[in-house]
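Single-structure report; data block below.
Naming: A, B, ... by sequence-line order, numbering from 1 per chain. Because the structure is a prediction, the values reported are computed rather than measured.
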2 protein chains.
Amino acid sequence: MDAMMKMLVDEVRLTPILISDPPLLNVQGVHQPYTPRLVVEVITRGGVSGLGETYGDGVYLDLARPLAEALVGHPVTDVNGLFALAGLGTSTDTGIPLDEGVDAGGLRGVRTADKLRLSVVSAFETACLDALGKTLGLPVHALLGGKVRDTVEYSAYLFHRWAAHPGASPTDDWGAALDPAGIVAQARRFDRLHGFRSFKLKGGVYEPEREVAAIRALAEEFPGRPLRLDPNGAWSVETSLAVAHELADVLEYLEDPASGTAAMAEIAARTKVPLATNMCVTTFEEVPEAFAKEAVRIVLCDHHYWGGLHRTRELAALCRTYGVGLSMHSNTHLGISLAAMTQVAATLPALHHACDTHYPWQTEDVVTTRPVFREGRLTVSDAPGLGVELDRAALAALHHRWLDDDGTLRERDDAAAMRVADPEWRTPRVPRW
Amino acid sequence: MDAMMKMLVDEVRLTPILISDPPLLNVQGVHQPYTPRLVVEVITRGGVSGLGETYGDGVYLDLARPLAEALVGHPVTDVNGLFALAGLGTSTDTGIPLDEGVDAGGLRGVRTADKLRLSVVSAFETACLDALGKTLGLPVHALLGGKVRDTVEYSAYLFHRWAAHPGASPTDDWGAALDPAGIVAQARRFDRLHGFRSFKLKGGVYEPEREVAAIRALAEEFPGRPLRLDPNGAWSVETSLAVAHELADVLEYLEDPASGTAAMAEIAARTKVPLATNMCVTTFEEVPEAFAKEAVRIVLCDHHYWGGLHRTRELAALCRTYGVGLSMHSNTHLGISLAAMTQVAATLPALHHACDTHYPWQTEDVVTTRPVFREGRLTVSDAPGLGVELDRAALAALHHRWLDDDGTLRERDDAAAMRVADPEWRTPRVPRW
């Protein structure tokens, strides 16, 4: 078989799974006990398997299936062609209900057909690059122009949380964190376990005073360490400004204090605290207005949002050109995505902030070896592809959990999960405070 | 030798050459009979040679030499690292005189140390990608995410010109083109030889009326075909508007009618004729102001300007994001650069205009096989690397010409070349008309 023939896609396997997730609180509610993810395997005629991972809700699955069929016969080198193959920009008529207001799992503004498609493409692109790298004996970063650093720094992702989900399983030993002391204890454990230097607190859960107090407590416990607060757009402009004023001396940045570019721009104009976002700038279409209004000083990239690793590099080029900083967003994810995040982050010279990751919260994985954080950093793998191997037994078990589910957990819905504990709960209107 | 060892750079060869160039006229003067280019060869430990080509004036050579030394021992996959290795953004103290106002060969605004470095990096990046592709058995386009088209369209690049340089050699059989009839005859020959659909006329040579008449004559001869006029910033805002008004019904775009973003923005605001540029937007630093002022509707990319093929793709992403069109600029170049232009152009979905190329004017080359334009298009090579092979005898001959030169031709200076015919000639102040 000649070299190019070996690189043709022979088969694409889509495996929806449910992975356990702790009861982490956010403005919409609480993480479900299990959250859907989709594992994409691209198998070449040469017998190499490439891996990708993305959101696993039904809408993503519905878009992934035709793309999986369409990709067969294409070379894994053709990642630029994935966008057209996925119908990007061609039509908003996907048959998918787009009127639910927000993306259930992503907290990334109004749902559009193209946003969903980009998240699907991202997993296919990652899988193609993994397969290509494994075929060539090159790490994915080398397929993106090469790493510019040997380690990638991550931040500790702190959450207000319950000790356990209202039902029985799954459980972990982190215990509850419902006040500043709980958050500091959680941070101490993250610091001890993984050596994270930066701490990010998911806010928008309690009244702002309580979250300001948590940041203050962190600043006292860890003087000089970078701190971030992210209420997911829950606050008004005035509340955001008050928080920025109170925490100006300790915040590395304030992330999405209010919803929408207009509100963010108003806040940005009235505070020196840098504003970051993964909510008002989540697609290329949203960039020009936000940059023109100087609404954000830092964009949190996310290859699941932006359409893959090449597109993440394009976003980084945009940020560099406009003098906007770059960090990295995370949603619940497994080791495939963590490897992809690390590979692309390694290629971005202007990544001046530690990346976010939910990964330390995850107790299950579909890769054979869990990566180890040292001083909050992951070593950039130079192994072929992403440098991870699929644990097929684990994948099968998590897929069976998905098959066994009666449908209630296959769509991530943090508000529905909250209603298990509080039947009156509705997704709060923002600004909530 | 293991796979990664094979990809380490063992040696970098820099070969300055002088290539014959016809007496093409522009606002600065006339092309020299011979123009300097630099051929960069990156040779890996695996014995693979990768090719790159860029400007060959002394300032580029002076920057290329230390980069060639610094690159030894690095893998050819590490093209992201070239910018730091070349000292990009670190210092303007290159020891190079930067106060000459404009880049001699490039007509790309004020000369800066980083512009020169980017042009040097571009050749090294191309050479690394060529070596990588040859090592892996993959075309360069596959290293950039894959081609999205099988052919790339080029435009005919029409020039007012003399039949011969004032000295004796070199000569060609194109004859003079000094008026609309001459330009139409030239266009007919380009159409017949290469099948170009689009025609670009280099303007700024004669009074605007004469160049308007040439475009009118082309429009009559080739009804409905895309026509472009590029006076290299020679006109005032009012002249530009008058020309735009006169040619509104036939111009695909008007390229750099006036100098500077402010003048371009003023023209753009007062005409519906699309403005294009390769003069006021030639670096990422120049993008935000030009886009904010809506100074241009089309940016002409050029991997020699922007720092290579990856950076060209980043520029394309910027243009896509801001709704700005994309075309491609050309200066005098040989087959190595033409191959690089074609490979990167093949990966850009939003390249909606035919690319410029001087190539058909060149009678000499350092590649073994001259590419053939069919219906104005080049087929995108799927051969490993750039798909071109070095003609070492030809390279040696052109290098000997460079060695034999007394120094007068090693720096491209179109005004000095004009002074051979007209001793009183000085680079005109713009706006000239």
### chain B contact via A/F291 - which portion, at a heavy-atom distance below 4.5 Å
side chain
### Under 4.5 Å from a heavy atom of chain B, the part of A/A142 involved
both
### Message
Below 4.5 Å, heavy-atom pairs only: which of B/G145, B/P349, B/G81, B/G146 has the largest tally toward chain A?
### Response
B/G145
Between chain A and chain B, which N or O donor and acceptor atoms come closer than 3.5 Å?
{"from": "A/V79", "atom 1": "N", "to": "B/G145", "atom 2": "O", "distance (Å)": "3.0"}
{"from": "A/N80", "atom 1": "N", "to": "B/G145", "atom 2": "O", "distance (Å)": "2.8"}
{"from": "A/N80", "atom 1": "OD1", "to": "B/R313", "atom 2": "NH2", "distance (Å)": "3.1"}
{"from": "A/N80", "atom 1": "ND2", "to": "B/L144", "atom 2": "O", "distance (Å)": "2.9"}
{"from": "A/N80", "atom 1": "ND2", "to": "B/G145", "atom 2": "O", "distance (Å)": "3.2"}
{"from": "A/N80", "atom 1": "ND2", "to": "B/G146", "atom 2": "O", "distance (Å)": "2.8"}
{"from": "A/L144", "atom 1": "O", "to": "B/N80", "atom 2": "ND2", "distance (Å)": "2.9"}
{"from": "A/G145", "atom 1": "O", "to": "B/V79", "atom 2": "N", "distance (Å)": "3.0"}
{"from": "A/G145", "atom 1": "O", "to": "B/N80", "atom 2": "N", "distance (Å)": "2.8"}
{"from": "A/G145", "atom 1": "O", "to": "B/N80", "atom 2": "ND2", "distance (Å)": "3.2"}
{"from": "A/G146", "atom 1": "O", "to": "B/N80", "atom 2": "ND2", "distance (Å)": "2.8"}
{"from": "A/R313", "atom 1": "NH2", "to": "B/N80", "atom 2": "OD1", "distance (Å)": "3.1"}
{"from": "A/E314", "atom 1": "OE1", "to": "B/R320", "atom 2": "NH1", "distance (Å)": "3.1"}
{"from": "A/E314", "atom 1": "OE1", "to": "B/R320", "atom 2": "NH2", "distance (Å)": "2.9"}
{"from": "A/R320", "atom 1": "NH1", "to": "B/E314", "atom 2": "OE1", "distance (Å)": "3.1"}
{"from": "A/R320", "atom 1": "NH2", "to": "B/E314", "atom 2": "OE1", "distance (Å)": "3.0"}

### Message
My understanding is that only residues two or more places apart in sequence, or in another chain, count here; which of them pass side chain to side chain contact (heavy atoms under 4.5 Å, CB included) with A/A339?
### Response
A/L386, A/V388
### Distance in Å, B/L144 CG paired with A/L143 CG, rounded so as to fall on 0.5 Å steps
11.5 Å
### Summary
Cut-off 4.5 Å, heavy atoms of chain A, and the answer for B/L138 is side chain
#### Entry: Proximal component of A/L82, with respect to chain B [non-hydrogen, under 4.5 Å]
neither
